[in-house]
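First the structure, in the form of structure tokens, and then the observations on it.
Letters A, B, ... mirror the listed sequences (proteins, then strands); counts begin at 1.
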Protein chains: 2
Amino acid sequence: MDILKWLKQPEKEFPPHKELGHFNFGVCGQFIYEKSGLSQSTISNYLSQLQNVGLITPTRIGKWTYFQRNEENINAYLKEISRKL
Amino acid sequence: MDILKWLKQPEKEFPPHKELGHFNFGVCGQFIYEKSGLSQSTISNYLSQLQNVGLITPTRIGKWTYFQRNEENINAYLKEISRKL
DNA sequence: AGTAAATATCGAAATATGTCGATATAAGAA
DNA sequence: TTCTTATATCGACATATTTCGATATTTACT
């Protein structure tokens with residue numbers, strides 16, 4: 001599952017958001033679900049775990065929730081990994 | 001389990017090797033086992049998995065097998081992780 | 001109020017991982 | 001050759017992770 005990777009370049013990986021017209025808040029869950037090939041519940045579960053550990057930040061706008069990378073925490077996590085390895 | 005981390009600075013983490021007198025080939029499995037608090041079979045299993053994926057390199061000398069970090073592969077792995085994240 | 005779309009939650013099943021004890025193998029020492 | 005020590009392998013079990021379908025919740029639209 002390459003969700004975090006996809007979120008690096010949303011315009012490259014996903015169709016445009018009809019309502020919003022931009023990716024400033026990341027990508028809506030529906031698109032991630034559709035691209036993933038997994039079930040909606042599985043993806044929702046993934047996304048909420050990524051939220052819980054702080055690697056992505058959700059923004060709800062109307063019916064949609066957009067998910068964007070939290071670069072700060074991702075970098076901190078990478079540093080932690082490189083300390084462990 | 002911080003085996004890879006321990007192997008970064010063997011002189012700091014382990015007693016000296018009686019027979020060898022240095023850590024040029026890394027640290028013997030026995031010391032890693034003793035420090036770990038896990039069973040010998042578990043540690044041997046860990047070590048062989050780390051070998052299989054190329055993150056450590058074993059050197060058998062007499063009765064002992066010494067394990068050292070494979071910095072090249074560790075760095076490649078870190079890069080791969082940072083691409084995925 | 002009623003319906004539809006996006007997302008979240010719950011419980012279950014399948015699979016993977018971590019860990020062990022017992023046993024095997026390899027090498028040096030007696 | 002036999003014994004001891006270091007390491008590897010095997011089979012089993014417990015726990016964790018992945019994934020699902022069903023259902024609940026939230027929000028907008030009719």
Side-chain angles (χ1 to χ4, degrees), chain A residues 1-7 10 13-70 77 81 84-85, chain B residues 1-7 10 13-70 77 81 84-85:
Chain A
M1 206 42 17
D2 291 315
I3 294 176
L4 284 172
K5 194 176 172 189
W6 294 342
L7 293 182
E13 303 287 347
F14 298 93
H17 285 132
K18 297 236 161 125
E19 318 256 332
L20 220 52
H22 61 71
F23 292 106
N24 299 350
F25 299 113
V27 178
C28 71
Q30 187 63 19
F31 283 1
I32 297 172
Y33 155 53
E34 284 166 4
K35 186 175 176 110
S36 73
L38 297 176
S39 75
Q40 186 272 324
S41 67
T42 297
I43 290 303
S44 175
N45 186 31
Y46 273 35
L47 292 172
S48 75
Q49 289 180 244
L50 288 171
Q51 270 180 62
N52 290 340
V53 298
L55 296 182
I56 61 176
T57 305
T59 306
R60 175 135 204 174
I61 297 180
K63 238 185 328 189
W64 293 272
T65 305
Y66 301 91
F67 299 90
Q68 66 189 315
R69 294 165 55 88
N70 183 324
Y77 181 45
I81 291 173
K84 288 278 190 179
L85 285 189
Chain B
M1 203 44 15
D2 291 316
I3 295 176
L4 284 173
K5 194 177 173 188
W6 296 341
L7 293 182
E13 303 287 348
F14 298 93
H17 285 131
K18 296 236 162 126
E19 317 256 333
L20 220 52
H22 62 69
F23 292 106
N24 298 349
F25 300 113
V27 177
C28 71
Q30 187 63 19
F31 283 1
I32 297 172
Y33 155 53
E34 284 166 4
K35 185 174 175 111
S36 73
L38 297 176
S39 75
Q40 186 272 325
S41 67
T42 297
I43 290 303
S44 175
N45 186 32
Y46 273 36
L47 292 172
S48 74
Q49 288 180 244
L50 287 171
Q51 269 181 63
N52 290 340
V53 299
L55 296 182
I56 61 177
T57 306
T59 307
R60 175 135 205 174
I61 297 180
K63 239 188 326 191
W64 293 272
T65 305
Y66 301 91
F67 299 90
Q68 64 189 317
R69 294 164 56 88
N70 183 325
Y77 181 45
I81 291 173
K84 287 277 189 180
L85 285 189

Would you say [X]'s side chain and [Y]'s backbone share a donor-acceptor pair under 3.5 angstrom?
| X | Y | value |
| --- | --- | --- |
| B:Arg69 | B:Gly26 | no |
| B:His22 | B:Asn24 | yes |
| B:Asn52 | B:Ser48 | yes |
| A:Ser44 | A:Ser41 | no |

task = Give me the residues of residues 48-69 of chain B where at least one heavy atom lies under 4.0 Å from an atom of DNA chain C, by number, or none.
result =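 DNA chain C contact set from residues 48-69 of chain B: B:Arg60, B:Gly62.
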
Check the distance between [N]'s [atom2] and [X]'s [atom1] and give it to me in whole angstrom.
| X | N | atom1 | atom2 | value |
| --- | --- | --- | --- | --- |
| B:Tyr46 | D:dT7 | OH | C1' | 17 Å |
| A:Gln30 | D:dT26 | CD | C1' | 15 Å |
| A:Gln40 | D:dC20 | CD | P | 11 Å |
| B:Leu38 | D:dT7 | CG | P | 16 Å |
| B:Asn45 | D:dA12 | CG | P | 16 Å |

Is the closest side-chain heavy-atom distance between [X] and [Y] below 4.5 Å?
| X | Y | answer |
| --- | --- | --- |
| B:Leu55 | B:Tyr77 | yes |
| B:Ile43 | B:Leu38 | yes |
| A:Ile61 | A:Tyr66 | yes |

request  = Specify the residue among B:Leu47 and A:Thr42 whose closest nucleotide of DNA chain D lies further upstream toward the 5′ end.
outcome  =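 On the 5' side of the pair lies B:Leu47.
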
message = Pairing donors with acceptors under 3.5 angstrom, does anything connect the side chains of B:Thr42 and B:Ser39?
response =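 Per modelled atom types, B:Thr42 and B:Ser39 side chains form a pair under 3.5 Å.
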
key: Boundaries of the chain A footprint along DNA chain C (any atom under 4.0 Å from a heavy atom)   =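 Answer, 5' to 3': C:dA5 to C:dT9.
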
